[in-house]
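Residue numbers begin at 1 in each chain, while the letters A, B, ... track the order of the sequences. Note that this is a predicted model, so its numbers are computed, not measured.
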2 protein chains.
Amino acid sequence: MKAVERYNSETAREYAMRAITENIISIDLEPGQLISENEIASFLGVSRTPVRESIQELNKAALIEIYPQRGSYVSLIDSKYVEEAVFLRKVLDIAVIEEACNLATEDDIALLEENVALQEFYLKSNNTKKIFELDNEFHRMIYVAAKKEMIHNMRKNVMIHFDRVRTLSMLAVKDTKIVADHGIMLSAIKNKDKNKAKEIVEKHLDRYRVDQEELLRTYPQYFAKE
Amino acid sequence: MKAVERYNSETAREYAMRAITENIISIDLEPGQLISENEIASFLGVSRTPVRESIQELNKAALIEIYPQRGSYVSLIDSKYVEEAVFLRKVLDIAVIEEACNLATEDDIALLEENVALQEFYLKSNNTKKIFELDNEFHRMIYVAAKKEMIHNMRKNVMIHFDRVRTLSMLAVKDTKIVADHGIMLSAIKNKDKNKAKEIVEKHLDRYRVDQEELLRTYPQYFAKE
DNA sequence: ATCCCTTGACTTGTATACAAGATTGTATTA
DNA sequence: TAATACAATCTTGTATACAAGTCAAGGGAT
């Protein structure tokens, strides 16, 4: 488990949740790994209570398995859930960008433009981490423009299953194409061109296709056998 | 708050979560009502811990608002969230029944047939509560047949916002038509007729349209002013 | 009467104590 | 040697104690 800096503004619970989630996505908490509420609590410098609440929540999202009085484990990567995440993203993103074409205000578009400009900036300096953050934020802003913020929160949780796979196959995605896609999405929204928007989203999602067979060969211990 | 019987098999946490959620859906915990962790804990006969964990979870789902050191309230019905729920259900249910047409096994279909038979049975005796339960179960089984169980769990949580509205407008839905719809969905799945399936789902969802204007006049104190 | 301050009874946030079950290593016994 | 009983030590589940902040009521001073 890697250290995560604690913000001043956040409660112990929020900090624990964020730290554990980030570690799961980054595979610093490995799939299948045994975890202990006490260990994590002392590592993070908080008590068991906020850690426990976070673990319960991640258990609900099928990211941690709890065996009472025995122990808790980071869930193995289950291709069943990964496929559900991919399915959900595809169905929702297409429906939502269509709605964003209808509803996006000038303010929404201004924010999206600022985001894309930053993506282009960080693309030049090859700052993959920043691009990753801006990528997530870009898609969130589209949901907000479409007045679907609650749905986005839910999408984010489900997507963690896919995010882990993405972490393992780090280099599968070409940042250049991603950033270009975002520019096309933005102009489609500006022009209220729903068909163009849906078309580019579909193409965009296909770029994230990863070779699960290869990952399974490289990291067999991380995957659930069915 | 109404009493909810505790099953032997469930933990205090599961019981608290189920009891509070049921009370929110049934409006026995009223929108806007002040709630106290201590009060609920003693009413349910458990300690603050499991109650607190449940409240945190419902807060994440935007069903309870927490003001630290001041108090917690059942969220007012916010038409923004109700509309997100309706949107989500429509987008997902249509995509999922299409997938169910592809993937449903004979076992899946057998279970659906049994469910529809029971719906017809309880329709004769006008048992609205049973129909409500079978309705939920019917849709869940379609998600399971389409291998989208995790997505269904998520859908269920979002739908609580709509379920509250449904509770208030109890009599708006004609059970007869609902049960008939389910029969048509089932035969569309059996025949792998995706277009027919999507068409009837769309028609089906329209039946749940409620007159929010009227509800707002009848229960103004339950609704969030924007 | 009005303003201000204090006090006490609430709230949620967090830490800790205890309960109950699972597991493992060890010692004892057949 | 092998099997079994037992104790120590884990685990999570639950209850409780304490911390810190909010708010309203009431008393006293102006």
Ring centers of B:Tyr67, B:Tyr73 separated by less than 6.0 Å: yes
Cut-off 3.5 Å, side chains only: do A:Ser26 and A:Asp28 have a donor facing an acceptor? yes
A:Arg70 atom CZ is separated from D:dT11 atom C1', nearest whole Å, by 10 Å
Give the first and the last nucleotide of DNA chain C, reading 5' to 3', that has any atom under 4.0 Å from a heavy atom of chain A. C:dT14 to C:dT23
What I want to check is whether the side chains of B:His182 and B:Gln119 have a donor and an acceptor closer together than 3.5 Å. yes
Under 3.5 Å, is there a donor-acceptor pair linking the side chains of A:Glu30 and A:Tyr222? yes
Is the shortest side-chain N to carboxylate O distance from B:Arg48 to B:Glu37 below 4.0 Å? yes
Rounded to whole Å, how long is the line connecting atom CD of A:Glu39 with atom P of D:dT9? 17 Å
Gap between atoms CG and P, on A:Asn38 and D:dT9 respectively (whole Å): 15 Å
Row check, B:Tyr7 ring normal vs B:Arg18 NZ/CZ: under 6.0 Å, within 45°: yes
Measure the distance from CD on A:Glu65 to P on D:dT12 and round it to the nearest whole Å. 14 Å
Answer with base, sugar-phosphate or nothing: what part of the nucleic acid does A:Arg13 contact at a heavy-atom distance below 4.0 Å? sugar-phosphate
Is there a donor N/O on one and an acceptor N/O on the other, under 3.5 Å, for the side chain of A:Gln69 and the base of D:dT12? yes
Contact class for B:Thr11 (heavy atom, under 4.0 Å): base, sugar-phosphate, or nothing? sugar-phosphate
What is the distance from CD1 of A:Ile55 to P of D:dT11, rounded to the nearest Å? 11 Å
